[in-house]
Amino acid sequence: MDYLKENEPEDEFSYFDFRICVIGLGYVGLSLAKLFSAKYKTIGFDPDQAYVDELMGGCDSFTCTADIEKIRRCNFYVIAAPVPADRENRSNLQPLWIACEVVGKVISGGDIVVYDSTVCPGAIEEVCIPLIEKLSGLSYNSHFFAGYSPVQANPDIRKVTSGSTPEIAKIVNEAYASIITAGTLLAASIREAEAAGA
């Protein structure tokens, strides 16, 4: 299903009309997609068509796809890519880079991309965001915005959220607060949130 902004000017954007895409449908992403779908228009994306077919065969709570065109009109992209460690215990950011490439091909002006992973401080704004800028031709915090929320393993603890501007931070926090029963904790910056989850 494609969430089109029908009869809506191209330059108009409502932060209260969340059209969410969760990219990466592993354990974390699948759980988030199901939670978001209870509140908002939500579509899950995974590049593995066979896996998507399997999910669609047994899941009726939300739509998922491997077709990048189906997520182009979303406006709130949640990247839930795993960040495994190598033998030297260094973070392997390749899954994040692949997800960034997907977002970079579809993101539009006014959109928000939120990283829901566990990374070291600085990784989002120094590594991931520049890749999206390069692929999309859009400027960070001018044309598109970002947020970060480290993976929360314990559902009884408040989930940390953050945004690239104070206004975006409130929007990201609003989205998560509406689905996380334990509540949220808004960090002062993306880097602070990264430190909290590292």
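- With hydrogens and angles ignored, the 3.5 Å screen pairs no side-chain donor or acceptor of R19 with any backbone N or O of T42.
- Between the CD1 atom of I107 and the CD1 atom of I71 there is a distance of 10.5 Å, given to the nearest 0.5 Å.
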Take E133 and L138, measure what side-chain contact (heavy atoms from CB on, under 4.5 Å) needs, and give me the verdict at the end.
CA-CA 5 Å; E133 287 185 304; L138 302 177; over 6 Å; no
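- Scanning both residues, N141 and S164, for their nearest heavy atoms gives OD1-OG, 2.7 Å.
- The cluster map of Ile, Leu, Val, Met, Phe, Trp and Tyr, joined by side-chain heavy atoms under 4.5 Å apart, puts I98 and V52 in different clusters.
- Considering every non-hydrogen atom in both A188 and E192, the closest pair reads N-OE2, 3.1 Å.
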Stepwise side-chain contact (heavy atoms from CB on, under 4.5 Å) check, Y176 with L32:
CA-CA 9 Å; Y176 276 94; L32 284 172; 4.1 Å; yes
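- R158 has its side chain out of reach of T184: every pair of non-hydrogen atoms, C-beta onward, lies at least 4.5 Å apart.
- The shortest distance between side-chain heavy atoms of C74 and I43 falls below 4.5 Å.
- For residues 112-131, every residue pair satisfying the salt bridge (Lys or Arg N to Asp or Glu O under 4.0 Å) rule, not counting sequence neighbours, is listed here: D116-K159, E126-R191.
- Going from atom NE2 of H143 over to atom CD1 of I132 covers 14.5 Å, rounded to the nearest 0.5 Å.
- Between the CG atom in L25 and the CD atom in E54 there is a gap of 11.5 Å [rounded to 0.5 Å].
- Under a 3.5 Å cut-off, the side chain of R72 and the backbone N or O of K105 do form a donor-acceptor pair.
- Considering only heavy atoms from C-beta on, V78 stays 4.5 Å or farther from I23 through its side chain.
- By the rule that hydrophobic residues join a cluster once side-chain heavy atoms approach within less than 4.5 Å of another member, V151 and L185 end up as members of separate clusters.
- Counting only heavy atoms from C-beta outward, the side chains of C64 and F45 never approach each other to under 4.5 Å.
- Side chain of S162 to backbone of A187: no donor-acceptor contact under 3.5 angstrom is found.
- Here the closest non-hydrogen pair linking E101 and L135 is CA-CD1, 3.5 Å.
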Worked check of side chain to side chain donor-acceptor pair (under 3.5 Å) between Y40 and S178
CA-CA 10 Å; Y40 310 105; S178 69; 2.7 Å; yes
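- Between C100 and C128, the shortest heavy-atom contact is SG-CB, 3.6 Å.
- For the residue pair Y148 and T118, the shortest heavy atom distance occurs at OH-CA, 3.5 Å.
- A donor-acceptor pair is defined here as one N or O able to donate and one able to accept, closer than 3.5 Å; such a pair exists between the side chain of S37 and the backbone of K34.
- E194 has its side chain out of reach of P150: every pair of non-hydrogen atoms, C-beta onward, lies at least 4.5 Å apart.
- Remark: Y51 OH is packed, more than 12 non-hydrogen atoms of other residues, nucleotides or ligands lying under 6.0 Å away.
- Rounding to the nearest 0.5 angstrom, the gap separating the CD1 atom in I20 from the CZ atom in F62 is 12.0 Å.
- Two residues are said to be in side-chain contact when any heavy atoms from C-beta on lie closer than 4.5 Å; L96 and V119 meet this criterion.
- The backbone N or O of A80 lies less than 3.5 Å from no partner atom in the side chain of S117, so there is not a single donor-acceptor pair.
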Pair I79, V113 - check side-chain contact (heavy atoms from CB on, under 4.5 Å), show working.
CA-CA 7 Å; I79 292 179; V113 54; 3.8 Å; yes
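- Inter-residue side-chain proximity for F76 and C21 is flagged as unmet; no heavy-atom pair is nearer than 4.5 Å.
- Closest approach of V160 and A193 over heavy atoms only: CG1-CB, 3.9 Å.
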Can Y77 and F144 be said to form a side-chain contact (heavy atoms from CB on, under 4.5 Å), step by step?
CA-CA 11 Å; Y77 296 92; F144 75 96; over 6 Å; no
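- Counting heavy atoms from C-beta outward, D111 and F145 have side chains that stay 4.5 Å or more apart.
- Going from atom CG of L35 over to atom CD1 of I180 covers 6.0 Å, rounded to the nearest 0.5 Å.
- Taking OG1 of T65 as the start and NZ of K70 as the end, the distance is 5.0 Å to the nearest 0.5 Å.
- At a threshold of 4.5 Å between side-chain heavy atoms, the hydrophobic network of Ile, Leu, Val, Met, Phe, Trp and Tyr places V28 and F36 in one connected group.
- There is no path of hydrophobic side-chain contacts, each under 4.5 Å, that joins Y27 to I157.
- Hydrophobic clustering of Ile, Leu, Val, Met, Phe, Trp and Tyr side chains at less than 4.5 Å, counting indirect connections, keeps I168 apart from L186.
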